[in-house]
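To keep things clear, I will list the structure first and then write my remarks on it.
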Amino acid sequence: MRVIKIFDTTLRDGEQSPGASMNVEEKIQVAKQLARLGVDVVEAGFPIASPGDFEAVKRIASEVKGSLWRGLRGPRKKT
């Protein structure tokens with residue numbers, strides 16, 4: 001049997017739409033709804049982009065259960 005996993009980027013990509021930015025509490029509410037819907041993996045944000053995004057990803061990962069939470073990261077500098 002084939003298994004299909006749902007990967008949602010609403011909290012990162014969706015927020016980049018004009019007029020669709022969310023504060024931390026709004027992101028947590030959306031994250032809770034995504035978890036209730038049974039979304040398997042959620043890209044919760046881009047934590048390095050701003051202190052607000054960092055806080056949102058951190059709180060979502062610790063407060064919202066039921067999905068696998070991910071934060072987008074950029075390339076690592078070569079040392």
Side-chain angles (χ1 to χ4, degrees):
M1 177 178 192
R2 188 170 145 188
V3 176
I4 296 174
K5 300 265 185 187
I6 298 176
F7 185 101
D8 185 272
T9 62
T10 302
L11 293 170
R12 186 184 62 80
D13 284 341
E15 188 183 40
Q16 295 178 19
S17 300
S21 65
M22 296 177 267
N23 63 37
V24 174
E25 296 305 320
E26 291 168 328
K27 286 184 176 190
I28 290 171
Q29 289 303 312
V30 170
K32 287 179 179 179
Q33 291 300 326
L34 292 169
R36 281 188 197 114
L37 287 169
V39 173
D40 299 295
V41 182
V42 178
E43 198 168 85
F46 190 32
I48 196 72
S50 70
D53 236 23
F54 178 85
E55 181 65 21
V57 172
K58 180 179 171 184
R59 285 191 53 197
I60 288 167
S62 67
E63 295 177 25
V64 184
K65 304 302 178 208
S67 293
L68 183 58
W69 306 104
R70 296 285 187 231
L72 180 70
R73 69 174 289 240
R76 189 173 71 187
K77 288 184 180 180
K78 213 173 188 182
T79 57

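- Here D8 contributes atom CG and Q33 contributes atom CD; the two are 12.0 Å apart, rounded to the nearest 0.5 Å.
- Formation of a donor-acceptor pair under 3.5 Å by the E26 side chain with backbone atoms of N23 is found in this model.
- Between K5 and D40, the shortest heavy-atom contact is CA-OD2, 3.2 Å.
- L34 CG to Q29 CD: the interatomic distance, rounded to the nearest 0.5 Å, is 11.5 Å.
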Could you give me the CA-CA distance, side-chain angles and deciding distance for D53 and K27, then say whether salt bridge (charged side-chain N to carboxylate O under 4.0 Å, His left out) is met?
CA-CA 10 Å; D53 236 23; K27 286 184 176 190; 2.4 Å; yes
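- The hydrophobic clustering, which links ILVMFWY residues whose side-chain heavy atoms are closer than 4.5 Å, places V57 and F7 apart.
- The minimum heavy-atom distance linking T9 with E43 is given by the pair CG2-OE1, 4.0 Å.
- The cluster map of Ile, Leu, Val, Met, Phe, Trp and Tyr, joined by side-chain heavy atoms under 4.5 Å apart, puts F54 and I28 in different clusters.
- Follow the hydrophobic side-chain contacts under 4.5 Å out from V30 and you reach V24 in the same cluster.
- Summarising the geometry of A35 relative to S67, their closest heavy-atom pair is CA-OG, 3.5 Å, with the distance given to 0.1 Å.
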Can you list the steps and then say if I60 with V42 is a side chain to side chain contact (heavy atoms under 4.5 Å, CB included)?
CA-CA 10 Å; I60 288 167; V42 178; over 6 Å; no
